[in-house]
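Written below as structure tokens is the structure these notes are about.
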Amino acid sequence: MGSISLKNVKKSFGEVQIIPDISLDIKDGEFVVFVGPSGCGKSTLLRLIAGLEDTTAGTILLDGEDMTKAPPARRGLAMVFQSYALYPHMTVRDNIAFPLKMAKASKEEIDKKVEYAARTLNLSSYLDRRPRALSGGQRQRVAIGRAIVREPKAFLFDEPLSNLDAALRVNMRLEITELHQQLKTTMIYVTHDQVEAMTMADRIVVLNAGNVEQFGSPLDLYKKPANRFVAGFIGSPKMNFVDGPEAAKHNAHSIGVRPEHFKLSKTAEAGTWKGKVGVAEQLGSDTFLHVHVDGLGLMTIRTDGDQTFSHGDDVYLTPDQTRIYRFDAAGKAI
Amino acid sequence: MARNVSVQTRIGFTIAAWAIALLLFSPILWVLLTAFKTEAEAIASSPTFFPQTFTLENFGAVQDRSDYFKHAFNSIVVSVGSTLLGLIIGIPAAWAMAFAPTKRTKDVLMWMLSTKMMPAVGVLIPIYLIFRDLRLLDTLQGLTIIMTLINLPIIIWMLYTYFKEIPVDILEAARMDGAELWNEIVHVLVPMAVPGIASTLLLNVILAWNEAFWTITLTSGRAGTLTAFISSFSSPQGLFLAKLSAASLLAIAPILLMGWFSQKQLVRGLTFGAVK
Ligand SMILES: Nc1ncnc2c1ncn2[C@@H]1O[C@H](COP(=O)(O)OP(=O)(O)OP(=O)(O)O)[C@@H](O)[C@H]1O
Ligand SMILES: [Mg+2]
């Protein structure tokens with residue numbers, strides 16, 4: 001079991017309020033991702049759940065039990081750090097065995113679990129090495145191995161993949177997702193990479209300046225963003241926003257159109273926005289066009305990779321009328 | 001490091017370094033040579049460099065007059081004992097200052113350092129009276145306690161500096177892995193800080209070994225250490241220069257040997273952090 005509830009949790013460092021007031025309910029077995037811009041308090045929130053920071057106010061329940069004041073060692077959670085935080089003076093085997101030793105497990109049990117974890121994570125041939133003799137990806141696996149052997153109530157990950165190169169990151173992303181499907185243990189995963197968030201999460205918490213902007217499934221967030229911040233944060237490339245008279249036509253303070261929700265043509269059509277191509281980023285499968293639209297500014301358009309555009313071409317954009325997002329003056333979706 | 005230094009400069013620096021080293025070493029060399037001279041030769045008006053009549057009688061005389069081995073034993077007990085006691089107190093203290101600092105931590109550190117700036121004589125009378133009332137005068141226990149106290153600021157400062165270099169993530173990982181405070185310190189912090197702890201230990205054994213003010217003032221016969229042993233030969237009554245030299249040589253020999261064997265560790269420990 002591993003449900004996690006935060007009730008009116010607040011956190012300040014001295015005078016500075018980092019988390020004004022957060023309540024969250026994470027169900028047992030869920031994969032929840034915290035995303036948000038740098039400095040919004042993702043790590044702080046995770047560390048509050050872990051017990052590595054004390055809450056200023058509020059309650060943290062694990063499986064319904066009040067753990068607000070419990071030290072990290074008593075909470076039964078496991079954490080994987082961005083820096084891996086392996087014990088440099090211990091072999092891989094001892095690193096993975098450490099939580100079991102702390103739990104006073106028997107020697108046979110320790111051996112069995114370490115062997116099993118090493119096999120699952122392809123670490124069997126490195127068991128007698130020190131962490132410094134491992135690559136970044138292998139270190140990350142050891143950190144994960146150390147987390148799984150103790151069979152925690154939940155796993156906490158703080159940007160575990162950000163020190164890896166792009167290809168390895170995709171690999172490890174799949175491995176972690178697979179691990180979750182296999183173990184069915186609650187996982188909380190912090191990232192500022194929205195692709196990781198969208199692909200891994202059952203539900204995503206979008207944080208901004210210590211507040212939860214929205215908590216929902218990836219597709220919910222994509223299709224029904226609660227406000228302009230979430231609309232701009234989820235989706236890649238970013239949503240295009242338009243203010244002023246063009247938005248007023250839709251009875252809104254501002255409107256948003258995703259790059260993939262445009263019809264694009266090279267000849268004038270009724271009701272379209274006219275613009276000039278600035279940069280065309282051709283990825284092969286897709287092309288991202290950065291278009292300077294007359295009177296509306298720069299917009300990003302996603303189109304298939306077959307058409308070719310070059311700098312200075314005139315293009316005409318027709319937003320898909322059914323997929324225009326409308327926001328009021330406070331940025332709330334309407 | 002591929003810096004171009006002319007041959008002349010290098011020769012100049014080499015000569016200077018040797019000159020300074022010899023200058024620093026010359027008193028020890030003189031003691032070494034004098035210890036093997038007769039008393040008459042040691043104070044001869046035209047001093048000799050090498051002993052003309054090589055003799056070991058000074059060492060015998062010294063042992064007969066005031067038991068060397070007893071003093072050496074006391075020195076070992078006090079220096080090792082006070083250092084271990086200091087580490088037992090200092091490691092948790094430095095842990096708290098490095099990893100759970102408060103607004104006042106820096107002040108506490110400065111205050112501890114400031115106690116080392118005060119002349120020891122300033123507290124001689126209160127400490128002497130306290131020791132007298134607690135019957136700690138001229139006891140190894142009393143001497144170990146005072147030595148622990150005077151070196152504790154240095155121990156905590158050194159450990160604090162080493163601990164600051166350890167990434168706090170790793171200690172937090174231990175906490176997440178279910179380690180209570182004691183296990184975190186014993187299984188993670190201490191093994192990672194072994195080089196720093198070893199240097200602290202060596203330096204403090206040396207400091208305690210060489211300490212003379214408190215060992216001489218708080219002991220008379222029973223608990224005297226080697227510094228008290230040397231000073232008992234420095235009375236100007238007789239022809240004692242050669243015996244004083246022999247006593248000094250015996251007193252510094254153990255620590256000199258220890259320093260020799262651990263010099264790599266000492267240098268590494270004392271420059272720790274500076275090279276990273
Ligand atoms: N120990 C601390 N003392 C004071 N301020 C802190 C402390 N830890 C974090 N903060 C502040 O809290 C805010 C949130 O930090 P946090 O590390 O949670 O951000 P984050 O969302 O994880 O950012 P990133 O994506 O860059 O990791 C930041 O403004 C940071 O400066
Ligand atoms: Mg962070």
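Just so you know, these numbers use all the heavy atoms, side chains as well, and skip hydrogens, waters and symmetry mates. Chain identifiers are assigned alphabetically (A, B, ...) following the order of the sequence lines, protein sequences preceding nucleic acid strands; residue numbering begins at 1 within each chain.
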**Report entry** Rounded distance (nearest 0.5 Å) linking atom CG of B:Asp177 with atom CD1 of A:Ile96
**Finding:** 11.0 Å
Query raised in the report: Using a heavy-atom distance cut-off of less than 4.5 Å, which residues of residues 166-176 of chain B contact chain A?
Result: B:Asp169, B:Ile170, B:Glu172, B:Ala173, B:Ala174, B:Arg175, B:Met176
Report task. Indicate yes or no: at least one non-hydrogen side-chain atom of B:His187 is less than 4.5 angstrom from one of A:Lys101. Result -> no
Query raised in the report: Do the non-hydrogen side-chain atoms of A:Met102 and B:Glu180 ever get within less than 4.5 Å of each other?
Result: no
Sort [X] into side chain, backbone, both or neither according to what part of it lies under 4.5 angstrom from a heavy atom of chain B.
X	answer
A:Ala78	backbone
A:Arg74	side chain
A:Leu86	backbone

Query raised in the report: Has B:Phe261 got more than 12 heavy atoms of other residues, nucleotides or ligands less than 6.0 Å from its CZ?
Result: no
Query raised in the report: Quick check: are there more than 12 heavy atoms from other residues, nucleotides or ligands sitting under 6.0 Å from NZ of B:Lys116?
Result: yes
